[in-house]
Amino acid sequence: MSLKFKEPAPITDHLNPLESMMQRFDEAANILGLDESTYNALKSPEKAVIVSLPVTMDDGKIKVFQGYRVVHSSKLGPSKGGIRYSMGVNLDEVKALAAWMTWKCAVVGIPYGGGKGGIQCDPRTMSDGELERLTRAFTGAMRDVFGPEKDIPAPDMGTNPQTMAWIMDEYSKLVGQASPAVVTGKPLVLGGSLGRVEATGRGVMVSTRSAMAKLKMTPTQCTCAVQGFGNVGSISAKLIEQQGVTIVAISDVSGAYYNPDGLNVEEAIEYVTKHKSLDGYKGGNMITNEELLELDVDILVPAALEDQITEENAGRIKAKLIVEGANGPTASTADKILDEKGILVVPDILANAGGVSVSYFEWVQNRLGYFWTEERVNRRADRIMKLAFDNVYKTSKKHKCSMRTAAYVVAIEKVADTLKLRGIF
Ligand code: GLU
């Protein structure tokens with residue numbers, strides 16, 4: 001019998017999100033004058049677990065998947081962060097994403113540390129049954145890592161409320177009691193929170209509005225391009241459009257769609273709901289995802305993958321304002337170029353923190369056993385986002401640095417203070 005092993009595509013990209021994260025961490029650590037011991041304690045993740053998950057596929061064959069969960073920090077509270085299903089998942093990526101969650105939770109002042117998980121798989125080619133078995137296997141393997149007071153997953157790229165429902169169910173069975181607070185981003189009937197699905201996009205919109213006010217930009221006179229049309233991209237586009245901004249370009253894996261007179265986002269969302277992607281969408285002319293980033297627009301919202309804005313294309317970006325809906329869409333090597341061009345960048349760990357903020361509300365509601373109205377959720381989430389924006393903006397003025405560095409300064413200072421108070425033996 002000849003066995004044919006097909007290795008997953010190698011990560012050939014020279015850009016590494018962990019290096020990008022560390023670069024920014026170092027910059028902020030210098031501004032703060034962080035001592036060496038604190039620096040070392042903060043940069044290494046507390047825990048990294050790698051598991052092999054054998055799963056019976058629909059054709060009866062067994063396939064083994066690699067799963068990861070990294071707890072970067074639990075100093076401010078239980079670690080919090082999503083689970084990603086994608087072929088690109090690898091340990092360095094998960095480590096970077098876990099650290100970003102620590103900084104993100106600290107920037108918006110919610111009582112969580114940071115973690116992230118991922119499984120190397122292509123969810124679009126798997127059946128619901130296969131995804132369910134994979135998710136339950138992962139939950140079983142992470143039984144001692146997850147916990148409502150320990151480590152709380154949520155959706156990320158390639159996962160959704162259904163995935164969270166399976167995790168909640170499997171974990172509850174394993175511990176022998178209903179445990180809704182072990183995971184957030186659940187369907188409403190299982191203890192999810194109103195407003196959670198829209199929360200990240202809503203936070204991106206609130207950040208965009210705050211930044212536009214600082215730059216004295218009038219929404220009705222502004223254009224915006226949004227890269228990525230998943231949960232974050234589509235809802236950001238819809239809510240930014242509702243502010244009066246003209247959305248001239250959107251994109252997904254099928255390509256980018258450009259209409260200088262403005263697209264109808266609601267229609268595009270309906271199209272995607274029906275066709276699963278923007279493929280064949282006629283609301284705009286097709287351009288490439290690269291061209292979208294370089295369009296002559298006022299606002300650019302990268303809400304797709306990591307490392308989309310690099311030292312190679314940063315010089316050609318024309319937007320005055322970039323609001324990062326994705327995690328890590330700008331490689332650290334592009335930061336200086338964007339700064340020198342005078343572009344205001346609202347960094348990921350601030351701009352997309354609306355999601356985890358409402359995850360926090362979901363967890364609180366689960367523990368209270370009492371559910372809030374959507375108005376209350378949105379009002380409180382908007383307040384968190386506005387306060388965090390103002391704090392980071394003020395810090396960037398104080399240290400004469402970018403908002404990105406300022407966000408790291410705010411976050412690292414908070415976690416470092418907690419570390420000192422709690423002590424290291
Ligand atoms: N995956 C989301 C993020 O990257 C949400 C995490 C959460 O709600 O825990 O922020």
Side-chain angles (χ1 to χ4, degrees), residues 17 21 68-74 76-86 89 93-119 123 142 145-148 150-161 163-164 167-168 180-187 191-193 195-204 206-207 228 230-233 235-236 302-306 323-329 346-366 377 381 384-385 388 407 411:
M21 193 283 295
Y68 305 85
R69 184 76 184 170
V70 173
V71 172
H72 172 260
S73 170
S74 59
L76 276 165
S79 48
K80 186 84 192 80
I83 293 178
R84 174 172 291 202
Y85 286 2
S86 139
V89 164
E93 187 194 51
V94 181
K95 275 187 185 171
L97 290 162
W100 278 325
M101 286 309 302
T102 302
W103 313 135
K104 195 184 294 187
C105 293
V107 165
V108 289
I110 55 177
Y112 285 141
K116 199 83 175 197
I119 301 180
M142 293 295 168
V145 179
F146 296 165
K150 273 160 70 179
D151 178 48
I152 308 144
D156 198 79
M157 216 189 285
T159 58
N160 55 35
T163 326
M164 302 306 114
I167 295 177
M168 181 264 195
V182 71
V183 67
T184 62
K186 297 178 291 296
S193 175
R196 176 62 186 86
V197 172
E198 299 80 19
T200 310
R202 191 175 170 89
V204 169
V206 173
S207 303
N231 169 277
V232 181
I235 292 167
S236 301
L305 288 167
E306 288 110 79
V323 186
E324 297 185 336
N327 290 312
V346 187
D348 47 4
I349 56 170
L350 169 64
N352 70 34
V356 75
S357 300
V358 177
S359 273
Y360 166 54
F361 297 158
E362 180 174 332
W363 180 78
V364 167
Q365 291 170 81
N366 289 155
V377 171
I384 284 188
M385 293 304 294

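In listed order, ligands and their atoms are each counted from 1.
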Ligand 1 atoms in contact with K80 (distance to a heavy atom under 4.0 Å) | 7 (C), 9 (O)
T200, portion touching ligand 1 at heavy-atom distance under 4.0 Å = neither
Is there any N or O on I152 that sits under 3.5 Å from an N or O of ligand 1?
-> no
Min heavy-atom dist A353 to ligand 1 below 4.0 Å = no
Without swapping roles, check the side chain of S73 against the backbone of T102 for a donor-acceptor pair under 3.5 Å.
-> no
Taking C-beta and beyond as the side chain, do L76 and P111 meet within less than 4.5 Å on heavy atoms?
-> no
Could you tell me whether the side chain of C105 reaches within less than 4.5 Å of the side chain of V356, counting heavy atoms only?
-> yes
For atom 8 (O) of ligand 1, what's the nearest protein heavy atom and its distance?
-> S359 OG, 2.5 Å
Within 4.0 Å of some non-hydrogen atom of K104, the atoms of ligand 1 are 3 (C), 4 (O), 10 (O)
Do the non-hydrogen side-chain atoms of D151 and M142 ever get within less than 4.5 Å of each other?
-> no
Provide the number and element of each atom of ligand 1 under 4.0 Å from a heavy atom of G81.
-> 9 (O)
Examine ligand 1 and decide if any of its atoms is less than 4.0 Å from a heavy atom belonging to E362.
-> no
Looking only at heavy atoms, is any part of M164 under 4.0 Å from ligand 1, and if so is it the side chain, the backbone, or both, or is it neither?
-> neither
Closest heavy-atom pair and its distance - M164, T184 = CG-O, 3.4 Å
At what distance is the nearest protein heavy atom to atom 7 (C) of ligand 1, and which residue and atom is it?
-> A154 CB, 3.3 Å
Where do V377 and S193 come nearest, in terms of heavy atoms and distance?
-> CG2-OG, 3.7 Å
T200-N352 side chain donor-acceptor pair, cut-off 3.5 Å | no
Cut-off 3.5 Å, side chains only: do D156 and T159 have a donor facing an acceptor?
-> no
Side chains of K80 and W363: closer than 4.5 Å at any heavy-atom pair?
-> no
Where's the contact between K116 and ligand 1, heavy-atom distance under 4.0 Å: side chain, backbone, both or neither?
-> side chain
Ligand 1 atoms in contact with M101 (distance to a heavy atom under 4.0 Å) = 3 (C), 4 (O), 6 (C), 10 (O)
Of the side chain and backbone of P155, name the one, both, or neither that has a heavy atom under 4.0 Å from an atom of ligand 1.
-> backbone
